[in-house]
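Chain naming here is simple, since letters A, B, ... match the order of the sequence lines and numbering starts at 1 in each.
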Number of protein chains: 2
Amino acid sequence: MAGDKKISMAVIRRLPRYFRYLYDLIRLDIRRISSKELSERMDITASQIRQDLNCFGGFGQQGYGYNVQSLYDEIGRILGVERRFSCALFGAGNMGNALANYENFQNRGFDITVIFDSAADKVGTAIHGIPVLHVDGMESFLKSKHVDIAILTVPNRAMPDITARVVKAGVKGIWNFSPTDLKLGEGIVVENVHLSDSLMVLGYRLMEQLREDAARRK
Amino acid sequence: MAGDKKISMAVIRRLPRYFRYLYDLIRLDIRRISSKELSERMDITASQIRQDLNCFGGFGQQGYGYNVQSLYDEIGRILGVERRFSCALFGAGNMGNALANYENFQNRGFDITVIFDSAADKVGTAIHGIPVLHVDGMESFLKSKHVDIAILTVPNRAMPDITARVVKAGVKGIWNFSPTDLKLGEGIVVENVHLSDSLMVLGYRLMEQLREDAARRK
DNA sequence: ATCATTTTGTGATTTTTTTGTCAAAACGAA
DNA sequence: TTCGTTTTGACAAAAAAATCACAAAATGAT
Ligand SMILES: NC(=O)c1ccc[n+]([C@@H]2O[C@H](COP(=O)([O-])OP(=O)(O)OC[C@H]3O[C@@H](n4cnc5c(N)ncnc54)[C@H](O)[C@@H]3O)[C@@H](O)[C@H]2O)c1
Ligand SMILES: NC(=O)c1ccc[n+]([C@@H]2O[C@H](COP(=O)([O-])OP(=O)(O)OC[C@H]3O[C@@H](n4cnc5c(N)ncnc54)[C@H](O)[C@@H]3O)[C@@H](O)[C@H]2O)c1
């Protein structure tokens with residue numbers, strides 16, 4: 001650990017993966033694990049695992065390895081799993097419905113407490129027990145109830161307006177599902193889920209693989 | 001270009017983003033763009049843009065920059081946008097519904113041609129005009145109709161079985177929405193969409209940001 | 001208690017990725 | 001055409017990330 005130097009994004013993005021694998025180990029009733037064994041399961045080098053974990057502290061013990069439960073707890077703590085984040089979902093459409101109905105985000109500390117939409121037939125209903133309010137009421141809602149994260153699943157054309165209003169209302173975290181890249185000021189944290197991009201990368205890699213297969217067969 | 005050396009994943013993952021920005025430029029009727037101007041819009045360095053594009057060929061021209069339309073076409077070609085991929089969706093639940101209803105994948109060359117589910121009340125219906133068949137029929141379906149990509153939105157417990165069967169039937173590309181990391185043999189291309197991981201990273205970054213804000217205010 | 005074995009934590013090294021730099025090419029105004 | 005300006009493509013340098021390698025610590029069998 002020592003003097004908290006900035007942790008790189010590359011490391012951060014691996015943490016949830018460690019967290020998942022450790023949870024699997026707990027369910028398998030495996031109490032201890034070496035970086036070597038974990039590296040085989042996760043298909044990354046043992047060295048990287050040790051280096052990653054050492055960014056946060058010396059969680060292991062020489063000649064023993066890591067205690068699964070306490071390592072799980074540590075990573076959970078680093079990721080802030082014990083914290084609760086209040087989330088507002090914008091757009092009760094196809095994607096919004098899927099997210100609102102997914103139970104697992106709650107287990108990770110994320111509570112969707114309210115849904116905003118502009119369609120008259122949706123306002124007043126509830127999804128998975130979460131009330132759908134009219135988006136025009138967002139400002140007054142956000143004034144009275146604290147919201148950490150805005151989950152944006154509105155159509156692209158609505159993005160500029162909604163984003164600006166959400167930020168103005170003081171929301172600091174945005175989980176963006178639209179293909180737009182949000183350009184926001186300092187201090188706003190945006191995490192994009194660009195599904196089309198992901199699919200296009202899959203397409204590219206698949207073509208590459210098929211080309212390779214063809215070459216090998218030749 | 002020269003002798004096709006392996007393009008790094010870092011570059012590949014940026015291509016869809018270039019593609020999106022170029023499309024925006026076309027809609028804005030901007031015919032030419034320099035790496036410098038694009039770099040300002042995209043918030044990456046001009047050097048990186050030039051280097052990325054040069055992995056595939058010299059698309060630009062000194063003193064002029066890049067022709068937007070032809071660069072767009074080139075990147076589209078690299079990403080295989082003109083190709084069509086036949087996709088089978090597994091799991092007509094919340095996420096499956098959202099994906100099946102999304103029109104934009106088709107514009108990128110991905111056709112969801114069939115949906116498989118195991119629930120009796122879903123089999124026989126259609127989502128967005130795509131027939132929902134019983135998952136037990138997948139083997140015979142995949143034997144007669146070629147499928148490039150399996151989109152997996154089944155519950156975690158069904159993942160091992162479905163994955164094994166899909167691979168056995170010869171599908172080479174998998175778009176995985178479950179939190180499981182698939183361990184498959186060589187030659188199968190997997191692209192994961194780990195939404196919970198993404199959300200946890202957002203949570204981490206948000207905490208970090210709030211800590212920073214607090215420190216600055218002090 | 002001893003000792004061979006295991007395994008971490010860490011600094012060094014290598015590899016990969018990003019950024020900087022500039023000669024040469026093409027542009028476009030005069 | 002000429003010439004100052006723009007801008008690429010390529011290469012060099014820097015930075016970041018991943019891997020290697022090993023001393024030191026702890027284990028666990030005898
Ligand atoms: N569905 C998918 O699989 C998918 C995939 C990739 C990206 N996306 C992106 O996610 C976003 C939503 O997609 P979707 O398929 O759920 O769309 P959708 O049309 O099903 O849902 C959009 C919802 O937003 C509501 N809405 C419209 N304007 C609004 C406003 N100003 N304020 C609040 N709500 C408003 C609509 O009433 C609707 O309920 C889009 O940006 C889309 O590009 C979706
Ligand atoms: N909904 C989300 O927002 C979300 C977010 C993150 C991850 N996921 C993941 O996506 C997957 C699906 O989530 P969901 O919310 O759509 O779940 P869901 O329960 O709504 O849908 C699952 C569907 O799969 C079908 N199914 C079950 N067993 C099957 C089998 N053996 N073969 C074919 N179909 C089968 C069910 O009948 C159901 O229609 C899960 O792995 C989940 O962890 C979902």
Looking at A:Y66, does any N or O in its side chain come under 4.0 Å of the phosphate oxygens OP1/OP2 on C:dG9? yes
B:Q48 atom CD is separated from C:dT21 atom C1', nearest whole Å, by 17 Å
Measure the CD1-CD1 distance between B:I112 and B:I149 for me, rounded to the nearest 0.5 Å. 10.0 Å
Is there a donor on the side chain of A:Q62 or the base of C:dT7 sitting less than 3.5 Å from an acceptor on the other? no
Any idea which heavy atoms bring B:Y66 and B:R50 closest together, and the distance? OH-CG, 3.7 Å
Is the phosphate of C:dT19, meaning OP1 or OP2, less than 4.0 Å from a side-chain N or O of B:T45? yes
Between A:E139 and A:K143 (salt bridge meaning N to carboxylate O under 4.0 Å), is one present in this structure? no
Any idea which of C:dC27, D:dT27, C:dT18 is nearest the A:Y64 side chain? D:dT27
Between B:E191 and B:R13, does any side-chain N to carboxylate O distance fall below 4.0 Å? yes
For the pair made of NZ in A:K6 and P in D:dA16, what is the distance, rounded to whole Å? 11 Å
Taking every non-hydrogen atom, the tightest pair across A:S178 and A:N156: CB-OD1, 3.6 Å
Pick the nucleotide of DNA chain D nearest each of A:R50 and A:M9; which residue has the one closer to the 5' end? A:M9
So which pairs with a foot in residues 150-175 of chain A pass ring-ring contact (aromatic ring centres under 6.0 Å, His included), sequence neighbours left out? A:F105-A:W175, A:W175-A:F177
Between A:S8 and D:dA17, is there a contact of a side-chain N or O with OP1 or OP2 at under 4.0 Å? yes
What integer distance in Å separates A:N54:CG from D:dT19:P? 16 Å
Interatomic distance, B:N67 CG vs D:dT6 P [rounded to whole Å]: 21 Å
Electrostatic pair A:D43:A:R41 at N-O distance under 4.0 angstrom: no
Length of the line joining A:I44:CD1 and D:dT19:P, which is rounded to integer Å: 9 Å
note: B:I12, atom CD1; C:dT17, atom P; distance rounded to Å ~ 11 Å
Here the distance between atom P of C:dT8 and atom CG of A:D52, to the nearest Å, is 13 Å
In residues 26-40 of chain B, which ones come under 4.0 Å of DNA chain C, going by heavy atoms? B:R32
Expressed as a whole number of angstroms, how long is the span from A:Q51:CD to D:dA17:P? 11 Å
